[in-house]
2 protein chains.
Amino acid sequence: MTVRRLDRAGGDPLWKQLQEDLVRRLRSGEFDDAFPGELALVEEYAVSRHTVRQALGQLRTDGLIVAERGRQPRVATAPEIRQPMGALYSLFSSVEESGLPQHSVVRALDLRADGVVAARLDLEGSIPLLYLERLRYAGDEPLALDRVWLPAALAEPLLNADFTHTSLYNELAERTGINLDHGREDIRAMNPSPAERALLHCPDDAAVFSIIRQGTAQNRPVEWRHTIVRGDRFALSAEFSAHTGYRLTSSPNTTALTKAW
Amino acid sequence: MTVRRLDRAGGDPLWKQLQEDLVRRLRSGEFDDAFPGELALVEEYAVSRHTVRQALGQLRTDGLIVAERGRQPRVATAPEIRQPMGALYSLFSSVEESGLPQHSVVRALDLRADGVVAARLDLEGSIPLLYLERLRYAGDEPLALDRVWLPAALAEPLLNADFTHTSLYNELAERTGINLDHGREDIRAMNPSPAERALLHCPDDAAVFSIIRQGTAQNRPVEWRHTIVRGDRFALSAEFSAHTGYRLTSSPNTTALTKAW
DNA sequence: CTACCGTGAATGTACGTACATTTCTCGCAG
DNA sequence: CTGCGAGAAATGTACGTACATTCACGGTAG
């Protein structure tokens with residue numbers, strides 16, 4: 001074990017140098033197997049445990065590692081779960097909490113090429129995509145029409161999955177090991193096309209949310225998704241505060257799935 | 001100075017008890033003048049400076065206090081600016097970035113009582129409210145219809161403000177010192193009433209966002225707001241990632257203010 | 001009255017020590 | 001082969017010390 005030197009004269013605190021070096025090594029994948037323990041770092045960098053803990057404390061509040069008593073710190077595998085993210089997640093978890101049974105009717109699940117969508121995924125137009133179209137129900141009434149395109153190269157194992165009850169992200173994680181870690185959503189209010197309105201059993205005077213979502217995993221585009229949600233059955237709820245920022249809530253208010261307020 | 005006792009036998013760590021007690025005292029306004037220094041807390045709670053610093057460290061990462069070398073820690077004044085918060089902010093800052101001039105037409109600014117709204121503000125029905133109704137323009141076309149109710153007891157100084165160009169929160173902060181620090185929003189997609197459609201010059205086939213917002217400052221309800229935004233001129237944009245969570249962006253894409261995508 | 005400097009006080013960094021609590025491992029008994 | 005327990009190992013908590021660095025205040029010289 002080589003002893004690593006830190007600059008004790010320069011302006012930067014030791015714990016900061018240590019923290020930055022650990023981040024660097026962590027990102028390089030060096031700690032994928034096991035993260036070194038505190039005492040190991042004490043020896044390796046020749047600093048006190050106090051300093052090591054100060055650096056690790058930063059990494060922990062940044063969510064990069066997790067630590068518990070008695071066991072070695074570990075790299076935060078799947079940095080998610082804490083905020084499974086996004087309006088779409090908010091939608092289905094709020095249905096879950098409402099107690100309404102949800103299921104999907106798969107209208108299409110196949111491979112096809114689509115130049116326009118491929119371009120949005122930063123792919124060549126001729127590249128095959130996996131296309132999944134579902135009508136999602138909450139209770140006996142349709143709630144949303146969901147259309148997803150994924151690169152076939154990544155998502156082909158999903159072709160024989162059953163999507164009537166499981167979520168796309170579950171299947172994606174289980175069958176391919178891919179976890180979305182970044183993305184963007186554009187949410188619009190609009191009126192559905194007559195066909196969509198019929199499909200969704202949408203009242204004549206009701207509008208819909210149109211949610212376009214691009215998801216990436218490790219900087220590679222993974223999904224392009226267009227979901228249409230009945231506006232008379234769903235509301236986006238969010239809380240914000242100076243400290244926590246803006247967070248979508250799972251609509252603890254029951255109004256989200258009713259028509260009135 | 002009374003020595004405060006912490007439970008050294010119970011399960012909770014000393015620093016956690018200390019931190020919670022400090023948060024309690026801070027929220028009660030006890031430290032509005034000056035926050036006690038580390039050594040003062042060491043004496044007051046009879047713990048080591050290490051423990052005090054651990055508690056203060058938490059408060060600092062939570063953004064409740066700020067500290068610098070050589071000077072005493074201070075209560076974080078105006079914890080905001082970093083995330084001025086919410087869909088409504090997102091709306092108007094995206095207009096700003098688009099370069100379109102914005103102005104408002106004040107349709108009402110008066111005191112009135114409204115039992116329903118008062119109840120939502122957790123106030124008695126007969127309590128007078130300040131009511132402000134504006135039609136907001138981006139360029140030459142209306143963008144949103146904005147209705148706000150605030151408790152007159154707090155907001156009365158706003159009665160003779162000019163809201164054609166300045167924002168409500170600016171005026172509120174300048175004239176009363178109140179800064180919103182918490183709130184919630186419910187965002188719906190719907191079709192406007194004929195009157196609203198006419199007012200907004202809203203095309204026949206366009207839907208609108210209906211944004212209900214309750215804002216609080218220091219646990220006191222401050223505003224109840226209902227804003228209707230033309231769906232053909234605005235889209236909510238958000239980015240999310242595992243670390244930063246869900247953040248509304250100021251629609252860097254120009255599509256937000258156009259009809260097409 | 002102003003400008004400068006020195007002193008004191010506060011926080012930041014870094015070291016050390018001790019013990020508590022939890023987890024993991026390994027060996028042994030059944 | 002399985003199950004249990006003892007012990008080792010790791011992190012969490014809490015104490016102490018020392019010095020560096022920065023800020024605030026006050027006194028002094030001009």
Side-chain angles (χ1 to χ4, degrees), chain A residues 1 3-23 26 31 33-77, chain B residues 1 3-23 25-26 31-77:
Chain A
M1 171 78 67
V3 173
R4 292 169 191 268
R5 297 276 169 79
L6 298 177
D7 179 14
R8 299 183 94 90
D12 277 9
L14 290 180
W15 64 263
K16 193 168 189 176
Q17 297 177 49
L18 175 54
Q19 184 222 2
E20 284 165 359
D21 198 44
L22 289 174
V23 168
L26 191 144
F31 301 141
D33 299 332
F35 195 88
E38 291 178 357
L39 300 194
L41 292 173
V42 166
E43 281 218 12
E44 186 173 357
Y45 287 90
V47 293
S48 71
R49 191 159 86 106
H50 179 79
T51 305
V52 168
R53 284 180 64 78
Q54 206 161 343
L56 293 185
Q58 276 293 118
L59 296 182
R60 202 164 11 165
T61 62
D62 289 349
L64 283 140
I65 61 172
V66 289
E68 285 172 72
R69 256 188 183 155
R71 52 167 51 164
Q72 290 210 347
R74 291 158 302 176
V75 177
T77 54
Chain B
M1 170 79 66
V3 173
R4 292 170 191 267
R5 295 275 168 81
L6 297 177
D7 179 14
R8 300 183 95 91
D12 277 9
L14 289 180
W15 64 264
K16 191 169 189 176
Q17 296 177 50
L18 174 55
Q19 184 222 3
E20 284 165 1
D21 198 44
L22 289 175
V23 168
R25 294 172 70 187
L26 191 144
F31 301 141
D32 284 356
D33 299 332
F35 195 87
E38 292 178 357
L39 300 193
L41 292 173
V42 166
E43 281 218 13
E44 187 174 356
Y45 286 90
V47 293
S48 71
R49 192 161 88 108
H50 180 79
T51 305
V52 169
R53 284 181 64 79
Q54 204 160 345
L56 293 186
Q58 276 292 120
L59 296 181
R60 204 164 10 163
T61 62
D62 289 350
L64 283 136
I65 61 172
V66 288
E68 285 171 73
R69 259 189 181 155
R71 53 167 49 166
Q72 289 210 348
R74 291 158 302 175
V75 178
T77 54

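Naming: A, B, ... by sequence-line order, numbering from 1 per chain. All values derive from a computational prediction rather than experimental measurement. All heavy atoms count here, side chains included; hydrogens, waters and symmetry mates do not.
Under the salt bridge (charged side-chain N to carboxylate O under 4.0 Å, His left out) criterion, B/Arg71 pairs with B/Glu68, not counting sequence neighbours. For A/Tyr45, there are no ring-ring contact (aromatic ring centres under 6.0 Å, His included) partners, not counting sequence neighbours. The side chain to side chain donor-acceptor pair (under 3.5 Å) check on B/Thr61 picks up nothing, with sequence neighbours excluded.
Identified under the salt bridge (Lys or Arg N to Asp or Glu O under 4.0 Å) test for residues 50-59 of chain A, with sequence neighbours left out: A/Glu38-A/Arg53.
At least one side-chain heavy atom of A/Leu56 sits less than 4.5 Å from a side-chain heavy atom of A/Leu22. In this structure the side chain of A/Gln19 reaches within 4.5 angstrom of the side chain of A/Leu59, judged on heavy atoms. Considering only heavy atoms from C-beta on, A/Trp15 comes within 4.5 Å of A/Gln58 through its side chain.
Each end of the helix from C/dC1-D/dG30 to C/dG30-D/dC1 gets its own axis, taken as the rotation carrying the C1' atoms of four end pairs onto the next four within a five-pair window, and the two axes meet at 10° to the nearest 10 degrees.
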Could you pull out the protein-nucleic contacts involving nucleotides 10-14 of chain D (nitrogen or oxygen on both sides, under 3.5 Å)?
residue, atom, partner, partner atom, Å
D/dT11, OP1, A/Glu38, N, 2.7
D/dT11, OP2, A/Glu38, N, 3.1
D/dT11, O4', A/Gly70, N, 3.4
D/dT11, O3', A/Glu68, O, 3.4
D/dG12, OP1, A/Arg60, NH1, 2.9
D/dG12, OP2, A/Glu38, OE2, 3.4
D/dG12, OP2, A/Arg53, NH1, 2.8
D/dG12, O4', A/Arg69, NE, 2.9
D/dG12, O6, A/Arg49, NH2, 3.1
D/dT13, O4, A/Arg49, NH2, 3.3
D/dA14, OP1, B/Leu14, N, 2.5
D/dA14, OP2, B/Leu14, N, 3.0
D/dA14, OP2, B/Trp15, N, 3.3

